[in-house]
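To start, the structure itself, in structure tokens.
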Amino acid sequence: MAGRKRKVQDLAVAVATHKESGLVLRRNQTEPNCRASPAKLENQSVLCESVQSFEPERSHYFNCNEPQRRLEQDFFNQPCISLAKAFLGKVLVRRCADGSELRGRIVETEAYLGGEDKASHSAGGKRTERNTAMFMKPGTIYVYPIYGIYLCMNVSSEGEGAAVLLRSLESLQGQSAMRELRAARRKEGARQLKDKELCNGPSKLCQALNIPRCFDRRDLASDPEVWLEADQNTSPPKPQDIVSAPRVGIEAHGEWAKKPWRFYLRGHPCVSVVNKEAERRSLSGNATDNSDP
């Protein structure tokens, strides 16, 4: 009996020590390392390999002593254009295998409504293996390749086949790691990127935050490796701070290319493409969202 009590006491001490350390160990971590070598970064399949190890949880979100800022399912349950605007000013967080976190504030988005929107991957209600995530519940991540080597990250919204493309971020935390990740995909000897250049494009932000192809169809509202937070340090942008402009790179889609469904923060240095004409229209009060497809 005395031996059993000693064992119980020893176990209690071990649990208390474990809690004091603030570490929650996770088995069978299946996450790419945010500081992967250039050789690994060149092969997306390597990034998605399962790593059998224990990893410490260091995310502020998962620390019960910190306020929970993570945006949950209700946030994503809104129409595509509304969600595209609501994303502006929110913070995308990427938790790395070593427990560190990369953060970037969203400053530019594009809305793709599906249905009649000819520029959308889901135009006409077309479902494919690639665009399945666009038809899943709001908040589902849609990652697709372009030009065979780059990736773009989207998030599904309300509406059949509707999703929002994340076009540009302002890097907030982990710039050194982001710079390494971007450098791994650039020519040797290229100049060092400025902070404002780390995430100022849809493929650039995927590189800088190490968003791999295997994140496709994950739930942004509950995933432990990538999520969205409200920014506690800034106020939400006002309507006059948001510029509505035509989407980029879809000129072949005729009238749909002219829809002002790209949204960005006026005057922000990390915006990928500035549209002076759209900015003048919005200042004069002549700009409209044309939000009806």
Side-chain angles (χ1 to χ4, degrees), residues 75-76 78-92 104-123 126 130-131 133-136 138-147 150-170 199-209 211 215-216 220 228 237 239 241-268 270-279 281-282 287-293:
F75 171 79
F76 301 99
Q78 51 184 309
C80 191
I81 287 178
S82 297
L83 185 61
K85 294 178 181 179
F87 275 150
L88 297 176
K90 301 302 186 292
V91 177
L92 183 64
R105 182 183 292 113
I106 300 173
V107 301
E108 183 181 1
T109 61
E110 287 181 350
Y112 289 88
L113 278 59
E116 293 183 0
D117 183 0
K118 298 294 178 58
S120 175
H121 289 176
S122 57
K126 181 181 179 181
R130 182 179 76 160
N131 73 5
M134 300 183 76
F135 294 90
M136 295 173 69
T140 300
I141 300 172
Y142 172 38
V143 180
Y144 65 85
I146 58 173
Y147 306 121
Y150 301 117
L151 298 174
C152 293
M153 177 179 174
N154 304 253
V155 183
S156 66
S157 68
E158 286 185 349
E160 189 77 357
V164 177
L165 171 67
L166 304 185
R167 275 203 62 90
S168 187
L169 308 177
E170 172 192 359
C199 307
N200 64 337
S203 295
K204 294 176 183 178
L205 72 85
C206 283
Q207 291 177 12
L209 269 68
I211 304 295
F215 273 23
D216 185 53
L220 197 57
L228 209 62
D241 298 327
I242 299 175
V243 177
S244 302
R247 296 171 291 184
V248 177
I250 59 169
E251 291 76 12
H253 295 288
E255 63 176 299
W256 296 96
K258 300 176 183 178
K259 300 287 185 181
W261 292 342
R262 178 168 68 98
F263 307 100
Y264 65 85
L265 297 181
R266 183 188 305 278
H268 201 288
C270 295
V271 171
S272 65
V273 180
V274 173
N275 188 315
K276 293 294 186 181
E277 182 181 351
E279 292 187 5
R281 285 202 309 268
S282 63
T288 58
D289 289 345
N290 291 338
S291 54
D292 293 330

If you take all heavy atoms of [X] and [Y], which pair is closest and at what distance?
X: Arg130; Y: Pro145; value: NH1-O, 4.1 Å
X: Ser168; Y: Gly201; value: OG-N, 4.0 Å
X: Ser203; Y: Cys152; value: OG-SG, 4.0 Å

What I'd like to find out is whether the side chain of [X] reaches to under 4.5 Å of the side chain of [Y], using heavy atoms alone.
X: Asp216; Y: Tyr144; answer: no
X: Ile211; Y: Val143; answer: yes
X: Glu170; Y: Cys270; answer: yes
X: Phe76; Y: Leu220; answer: yes
X: Val273; Y: Arg262; answer: yes
X: Lys204; Y: Cys199; answer: no
X: Ile106; Y: Leu265; answer: no
X: Leu228; Y: Val91; answer: no

Flag, side chain of [X] to backbone of [Y], donor-acceptor distance under 3.5 Å:
X: Lys90; Y: Ala86; value: yes
X: Ser156; Y: Met134; value: no
X: Glu108; Y: Ser272; value: yes
X: Asn275; Y: Ala278; value: yes

Euclidean distance, [Y] [atom2] relative to [X] [atom1], rounded to 0.5 Å:
X: Ile242; Y: Lys85; atom1: CD1; atom2: NZ; answer: 6.5 Å
X: Glu110; Y: Ser120; atom1: CD; atom2: OG; answer: 11.5 Å
X: Leu166; Y: Cys206; atom1: CG; atom2: SG; answer: 8.0 Å
X: Lys118; Y: Ile250; atom1: NZ; atom2: CD1; answer: 12.5 Å
X: Tyr142; Y: Met153; atom1: OH; atom2: CE; answer: 13.5 Å
X: Leu88; Y: Arg105; atom1: CG; atom2: CZ; answer: 11.5 Å

Name of the residue among Leu113, Ile81, Leu83 meeting side chain to side chain contact (heavy atoms under 4.5 Å, CB included) with Ser157 = Leu83
Is it true that the NZ or CZ of Arg247 lies under 6.0 Å from the centre of Tyr112's six-membered ring and within 45 degrees of the ring axis?
-> yes
Would [X] and [Y] count as having a side-chain donor-acceptor pair, cut-off 3.5 Å?
X: Ser282; Y: Arg266; value: yes
X: Arg167; Y: Thr109; value: no
X: Glu279; Y: Tyr264; value: yes

Give the intermediate values and the outcome of side chain to side chain contact (heavy atoms under 4.5 Å, CB included) for residues Leu92 and Leu169.
-> CA-CA 8 Å; Leu92 183 64; Leu169 308 177; 4.2 Å; yes
Whether [X] and [Y] hold their rings parallel, tilted or perpendicular, with breakpoints at 30° and 60°:
X: Trp256; Y: Trp261; value: tilted
X: Tyr147; Y: Tyr150; value: perpendicular
X: Phe87; Y: Phe75; value: tilted

